[in-house]
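Along the sequence shown, residues carry numbers from 1. Every heavy atom of this structure was used, including side-chain atoms; hydrogens, water molecules and symmetry mates were not.
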Amino acid sequence: MDDRSGRKYRGAAPMVLALGMLVSPYAAAQPAGSTDVGNFYAFGGFALFGPDSNGQLQGERGGAGVIAGGGVRSSRLLSFEVGVLGAGYRLDTPASVSAQIPAGTNFRSNISTGGLNLSVKFHFTQDRVDPYFGAGVGVYSTDFRTTSEVPGCQHHCADTGPRVTSRSSDPGYHALVGVDYYVTQKNVIGVEFRHLWLDANFDDIGLGKVKAGGSLLWLGYRRYF
């Protein structure tokens, strides 16, 4: 993925914040939404993922991700969350990796990241609309995987040849900004921009340190209990 594509995802952050500011005056005419202070909530949803670019990698494409978990609204202004995040994308196979599979053809490479994270969020609730921002830390496992096909294969050839794989476990941190809308007192929909900073080490396959994080634009649902 090139820098211009990455900027499109990063530019979503002010758009999300502006959305909350624009909707707030209209929401004031609606019945007030509950903040459910002290109650547990669960959340989940899907995201578009724009990976950070790396000088030693080419063809990094936009991918998809998922963010889910649970949290507690400790006060009107503050909440804490435990979440899981997973994301993946395809890229061109590096020459240093394809050289390790001399007997294979039609290489396919991808990077996937998954982990557990903690977040703290600060809220500015206005009736049904709930803009917020926050930050957090997590521990992630990042996998690099290249598959190939056996030369001469005619049918069902994917991943029939040699593979190159590597895994790196590393800490990461993130910042986020978003806005929730209370459809009812217990049912909430939201949009969020999040950036994950994460470095993975793939020295064992000749790639060195790789930026495995990126930007996520998430659309999700929260349910208070």
Side-chain angles (χ1 to χ4, degrees), residues 6-50 52 64-87 113-140 170-198 213-225:
R7 287 195 294 270
K8 292 181 180 179
Y9 285 97
R10 290 189 285 272
M15 292 174 60
V16 171
L17 186 59
L19 177 62
M21 296 174 65
L22 287 172
V23 174
S24 295
Y26 298 96
Q30 302 293 333
S34 170
T35 58
D36 287 293
V37 173
N39 289 351
F40 170 82
Y41 62 87
F43 64 90
F46 297 98
L48 299 175
F49 180 59
D52 287 339
V66 60
I67 301 174
V72 174
R73 188 72 174 261
S74 62
S75 72
R76 185 175 175 83
L77 298 177
L78 189 66
S79 66
F80 299 92
E81 292 182 351
V82 177
V84 293
L85 182 153
T113 297
L116 182 69
N117 58 77
L118 302 174
S119 300
V120 57
K121 295 164 51 179
F122 300 91
H123 301 261
F124 304 92
T125 307
Q126 301 180 50
D127 294 292
R128 288 181 181 264
V129 178
D130 184 19
Y132 62 85
F133 71 91
V137 297
V139 178
Y140 299 88
D170 309 276
Y173 60 99
H174 62 270
L176 55 89
V177 58
V179 57
D180 285 347
Y181 180 77
Y182 282 80
V183 179
T184 69
Q185 288 187 342
K186 300 295 183 182
N187 298 289
V188 182
I189 57 174
V191 60
E192 178 183 290
F193 174 84
R194 176 183 302 217
H195 192 87
L196 171 65
W197 289 271
L198 174 67
S215 300
L216 299 104
L217 184 60
W218 177 82
L219 179 64
Y221 167 75
R222 302 184 201 276
R223 169 67 181 180
Y224 281 85
F225 297 95

Seminar exercise, completed: Which of Arg222, Arg223, Glu192 passes side-chain contact (heavy atoms from CB on, under 4.5 Å) with Phe43? Answer is Arg222
Problem set entry | Closest non-hydrogen atom pair, Ser74 against Phe80 | OG-CE1, 3.6 Å
Exercise. Only one of Asn39, Asp130, Leu78 forms a side-chain contact (heavy atoms from CB on, under 4.5 Å) with Arg73, so which one is it?
Worked result: Asp130
Exercise. Counting only heavy atoms not in Tyr221, do more than 12 sit closer than 6.0 Å to its OH atom?
Worked result: yes
Exercise. To the nearest 0.5 Å, what is the distance between CZ (Phe46) and CD1 (Ile67)?
Worked result: 11.5 Å
For this session: Give the ring-plane orientation class for Tyr41 versus Tyr224, where under 30° counts as parallel, over 60° as perpendicular and anything between as tilted.
Result: tilted
For this session: Over all heavy atoms of both residues, which pair between Ala175 and Trp197 is shortest? Give the atoms and the distance, please.
Result: N-CZ3, 3.6 Å
Exercise. Nearest 0.5 Å, what's the CG-OG1 distance between Leu198 and Thr113?
Worked result: 5.5 Å
Exercise. Which of parallel (below 30°), tilted (30 to 60°) and perpendicular (above 60°) describes Phe124 and Phe133?
Worked result: parallel
Problem set entry | Between CZ on residue Arg128 and OG1 on residue Thr184, distance to nearest 0.5 Å | 8.0 Å
Exercise. Under a 4.5 Å cut-off applied to non-hydrogen side-chain atoms, are Leu216 and His174 in contact?
Worked result: no
For this session: Calculate, to the nearest 0.5 Å, the distance between atoms CG and CG belonging to Asp52 and Leu196 respectively.
Result: 8.0 Å
For this session: Begin from the C-alpha positions of Tyr132 and Leu176 and carry the test side-chain contact (heavy atoms from CB on, under 4.5 Å) through to its verdict.
Result: CA-CA 8 Å; Tyr132 62 85; Leu176 55 89; 3.5 Å; yes
